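Just so we're on the same page: letters track the sequence lines, and every chain starts at 1. Nothing here was measured: the structure is a model prediction, and the numbers come from that model.
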2 protein chains.
Amino acid sequence: MNTASHKTIKNILLESKEYFKIAISVDCVILGFENGELKVLLIKSDLEEFKDEWSLLGDLVRPDEDLNTASYRILKSRTGLEDVFLEQVYTFGDLNRHPAGRVITTAYYSLININDHQLKLAHNQIHWHPVNELKSMAFDHKLILDTCMKQLRERVMEHPIVFNLLPEKFSLRELQSIYEAILGIKLDRRNFRKKFFLMDWLVDVDELEEDVPHRPGKLYRFNKEKFQN
Amino acid sequence: MNTASHKTIKNILLESKEYFKIAISVDCVILGFENGELKVLLIKSDLEEFKDEWSLLGDLVRPDEDLNTASYRILKSRTGLEDVFLEQVYTFGDLNRHPAGRVITTAYYSLININDHQLKLAHNQIHWHPVNELKSMAFDHKLILDTCMKQLRERVMEHPIVFNLLPEKFSLRELQSIYEAILGIKLDRRNFRKKFFLMDWLVDVDELEEDVPHRPGKLYRFNKEKFQN
DNA sequence: CCAAAAGTGTTCAGGTTACACCCATGA
DNA sequence: TCATGGGTGTAACCTGAACACTTTTGG
């Protein structure tokens with residue numbers, strides 16, 4: 001016999017009291033591009049268990065902020081940047097992923113122009129670390145980083161997001177070297193140019209590179225008008 | 001001056017006490033294929049606020065189980081099925097998504113063969129609902145469903161997952177109609193066959209359909225040997 | 001004048017699309 | 001015999017990959 005009584009909000013709260021023993025955090029894989037390689041913003045772990053290990057930037061989610069707000073908060077507090085590209089990737093919920101207790105974390109990755117961000121290296125233990133040189137990290141952060149990199153590689157093939165790593169104006173060489181760094185492959189210069197002009201993602205700003213020890217290339221900007229629908 | 005003292009586990013627990021006020025749940029988009037259309041397993045909401053609205057199958061995550069375990073538990077308790085395809089999609093953390101309080105939910109989607117699952121319709125309010133006929137749902141579940149469907153459409157283009165919706169042996173017509181239902185487009189029969197045989201995803205089991213009111217088609221099974229590396 | 005990178009087209013191979021007729025079965 | 005879907009091949013098109021020489025600038 002089905003005598004299903006509808007639960008009230010109060011009932012739900014009472015019944016689920018036991019479950020409010022899990023903390024939730026967000027971790028940000030903040031990526032930049034410098035000297036031809038991808039770098040990720042890391043901090044020395046402040047846990048004894050992971051002393052001297054690198055950790056992603058993250059924090060517990062506050063009860064009065066949603067997940068995206070939390071990741072933006074972390075990003076802004078660490079880089080000073082607003083209006084940046086940020087995308088959720090995956091949620092990691094293994095039982096023992098955090099030595100302090102049950103902490104489920106949602107991973108985001110962000111692409112920023114490394115030069116917009118004035119890092120105060122002297123004041124903290126945050127630094128830009130080449131992604132490819134990381135062997136191990138605190139917690140399950142290596143897994144989180146790898147997962148974000150995998151998603152990034154998929155996304156850049158379909159969506160115009162790498163421009164977030166570049167200044168307003170950039171050369172085709174810079175653009176290409178970012179793709180090469182992300183995908184880990186060499187690309188053909190002629191095919192690369194052809195493809196981008198066909199896709200109509202670029203706008204010629206009619207300026208040239210300066211202070212380069214070779215023939216200066218033309219500068220372009222991202223054709224954002226094409227994508228703001 | 002940086003006098004960074006490493007935090008102990010105990011410190012972390014004490015400092016974060018305030019944060020254990022968020023509950024975490026998982027919601028499962030359980031999909032099946034029947035009569036030429038995709039269906040999702042739903043239940044009438046047991047909340048007053050959403051009386052008569054359809055809800056995904058979900059539950060709070062227990063402190064002693066990880067996220068994947070929680071979604072498998074829900075799937076098994078509702079369908080009786082084990083060893084099924086289940087994939088995490090996205091985590092929804094808006095402040096007011098649940099009227100009972102702060103509940104962050106991680107969405108999973110699952111693909112099952114609808115005939116393997118003996119539904120006890122009389123005993124509960126669970127039923128299979130055509131995905132395309134759903135206009136609104138309880139909570140933010142319509143958004144969750146749409147997000148899962150979007151990911152499903154991307155995944156089926158690259159990965160051999162639709163076989164989870166089919167019985168062991170199936171005809172090419174059944175396989176094609178699943179792709180058409182998921183992608184929402186008509187496909188060319190000749191090109192579809194050509195492509196699948198080229199990809200080597202199918203094994204001819206040397207049997208024919210039975211009880212069809214037309215020329216019976218050959219039956220195939222998924223070439224799982226090819227993918228179990 | 002040398003080094004370094006910019007700029008520029010064509011060819012080939014492989015994959016995707018479009019398309020129509022005969023066949024086997026059950027009613 | 002009719003209705004229904006099964007089974008089959010070819011040509012046009014498009015996309016991606018491979019590939020080399022001349023030009024411009026700074027040193």
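In this structure, B:Arg193 places its CZ atom 20 Å from C1' of C:dG15, rounding to the nearest Å. As rounded to whole Å, 21 Å separates atom P of C:dT16 from atom NZ of B:Lys186. Taking atom CG of A:Leu187 as the reference point, atom C1' of C:dA5 lies 17 Å away to the nearest angstrom. Nucleotide C:dA5 holds its C1' atom 13 Å from the CG atom of A:Leu208, rounded to whole Å. As rounded to whole Å, 16 Å separates atom C1' of D:dT24 from atom CD of A:Glu210. Look at CD on A:Glu158: it is 14 Å from C1' on D:dT15, rounded to the nearest Å. What separates CZ of B:Phe196 from P of D:dT8 is a distance of 16 Å, to the nearest Å. For A:Glu174 and C:dA6, the CD to P distance is 10 Å, given to the nearest whole Å.
The nucleotide whose nearest atom lies closest to any side-chain atom of A:Lys218 is, among C:dA4, C:dG7, D:dG7, C:dG7. Closest to the side chain of A:Lys194, out of D:dT4, D:dA17, D:dG7, is D:dA17.
By the 30° and 60° cut-offs, the orientation of the rings of A:His98 relative to A:Phe139 is tilted. Between A:Phe197 and A:Tyr220, the angle of the ring planes lies from 30° to 60°, which puts this pair in the tilted group. Relative ring orientation between A:Phe222 and A:Phe163 is described as parallel, the plane-to-plane angle staying below 30° on a 0-90° scale split at 30° and 60°.
Look at B:Glu133 and B:Lys39 and you find no salt bridge, because none of the NZ, NE, NH1 or NH2 atoms lies under 4.0 Å from a carboxylate O. With respect to the salt-bridge test (charged N to carboxylate O, under 4.0 angstrom), the residues B:Lys76 and B:Glu82 qualify.
Residue contacts shown for B:Arg173 are limited to sugar-phosphate atoms, with no base heavy atom under 4.0 Å away.
Between the side chain of A:Arg215 and the base of C:dG7, no donor-acceptor pair under 3.5 Å is found. Side chain A:Arg189 to base C:dA6: a donor-acceptor pair is found below 3.5 Å. A:Arg190 contributes a side-chain N or O that forms a donor-acceptor pair with the base of D:dA20 under 3.5 Å.
Taking the nucleotide of DNA chain D with the nearest heavy atom to each of B:His214 and B:Asn191, the more 5' of the two is matched to B:His214. Comparing A:Lys195 and A:Asp188 by the nucleotide of DNA chain D whose heavy atom lies nearest to each, the residue mapping closer to the 5' end is A:Lys195.
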